[in-house]
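The structure appears below as structure tokens.
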Amino acid sequence: MDSVNYWLMKSEPEVYSITDLQKQRETIWDGVRNYQARNFLRQMQIGDLAFFYHSNTNPPGIVGLMRIVKTGIADPTQFEPTSKYYDPKSSSDSPRWQTVVVEYMETFSHPILLPTLKEKFSSDELLLVRPGNRLSVMPVTSAVAKKILAELS
DNA sequence: GCCAACGTTGGC
DNA sequence: GCCAACGTTGGC
């Protein structure tokens, strides 16, 4: 049987919020320019589920759920000279930055705020709460994911 | 807006 | 390949 992988992806709601995703239905998750985060994006598979996390806002927390619907997409912003994500060292032959297309699934009626996540999970269980961690894309173990999802039912 | 913690860059 | 300088992230 296929196992679903779980992820957590951060976005600043002032830049792109879950409400924006709900309206758009799906989006290319562009703008990731960190190799570790990109490597996680490369590992994603169609059907994987990702928690949408609102960062750099008050209060920060997990606000909803989305699904990976396309993988191995070249981030188009790397080729756009006017984009803040333009990467002159990347070529269309071998794009440096790949990402995924995500589809909106749901907005949680109660977001799971960062203090709650810190309370429930150790830094070993959940990368997000590891001190100093700044990754914008990271894996979530299925055990942790199921606890998060159970919180909401 | 502050600033600690990171990641990246580039001179050497 | 070291590491200082610089830029970014993101909680507070």
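The sequence lines fix the lettering, A, B, ..., with proteins before strands; numbering per chain opens at 1.
Looking at residues two or more places apart in sequence or on another chain, you find no side-chain hydrogen bond (donor to acceptor under 3.5 Å, both in side chains) involving A:Arg134. A:Gln36 is linked by a side-chain hydrogen bond (donor to acceptor under 3.5 Å, both in side chains) to nothing, counting only residues two or more places apart in sequence or in another chain. Taking A:Thr77 as the reference, A:Arg33, A:Asp75 meet the side-chain hydrogen bond (donor to acceptor under 3.5 Å, both in side chains) condition, with sequence neighbours excluded. Legend: residues meeting salt bridge (charged side-chain N to carboxylate O under 4.0 Å, His left out) with A:Arg130, ordered by chain and number and at least two apart, are absent. Applying the side-chain hydrogen bond (donor to acceptor under 3.5 Å, both in side chains) rule to A:Thr107 yields the partners A:Tyr104; only residues at least two apart in sequence or on another chain are considered.
Evaluation of the ring pair (Phe, Tyr, Trp, His ring centres under 6.0 Å) test over residues 8-30 of chain A, restricted to residues two or more places apart or in two chains, returns A:Trp29-A:Phe52. Applying the salt bridge (Lys or Arg N to Asp or Glu O under 4.0 Å) test to residues at least two apart or on different chains, the pairs with a partner in residues 52-69 of chain A are A:Arg67-A:Glu103.
Residues of residues 86-100 of chain A having a heavy atom closer than 4.0 Å to DNA chain B: none are found. Sorted by residue number, the members of residues 114-134 of chain A with any non-hydrogen atom under 4.0 Å from DNA chain B read A:Pro131, A:Gly132, A:Arg134.
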Show every donor-acceptor pair shorter than 3.5 Å between a side-chain atom in residues 38-45 of chain A and any protein atom, with sequence neighbours excluded, or say none if there are none.
residue: A:Arg38; atom: NH1; partner: A:Arg96; partner atom: O; Å: 2.9
residue: A:Asn39; atom: ND2; partner: A:Tyr35; partner atom: O; Å: 3.3
residue: A:Arg42; atom: NE; partner: A:Gln98; partner atom: OE1; Å: 2.5
residue: A:Arg42; atom: NH2; partner: A:Gln98; partner atom: OE1; Å: 2.9

Anything under 3.5 Å between a donor and an acceptor, one on a side chain of residues 113-120 of chain A, the other on a protein residue two or more places apart or in another chain? List them.
residue: A:Lys120; atom: NZ; partner: A:Glu151; partner atom: OE1; Å: 3.2

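A:Leu113 comes within contact range of no nucleotide atom at all, as no heavy-atom separation falls under 4.0 Å.
Scanning DNA chain B 5' to 3' for nucleotides with an atom closer than 4.0 angstrom to a non-hydrogen atom of chain A gives a first and last hit of B:dA5 to B:dT8.
Between A:Phe79 and A:Ser90, the shortest heavy-atom contact is CE2-OG, 3.8 Å.
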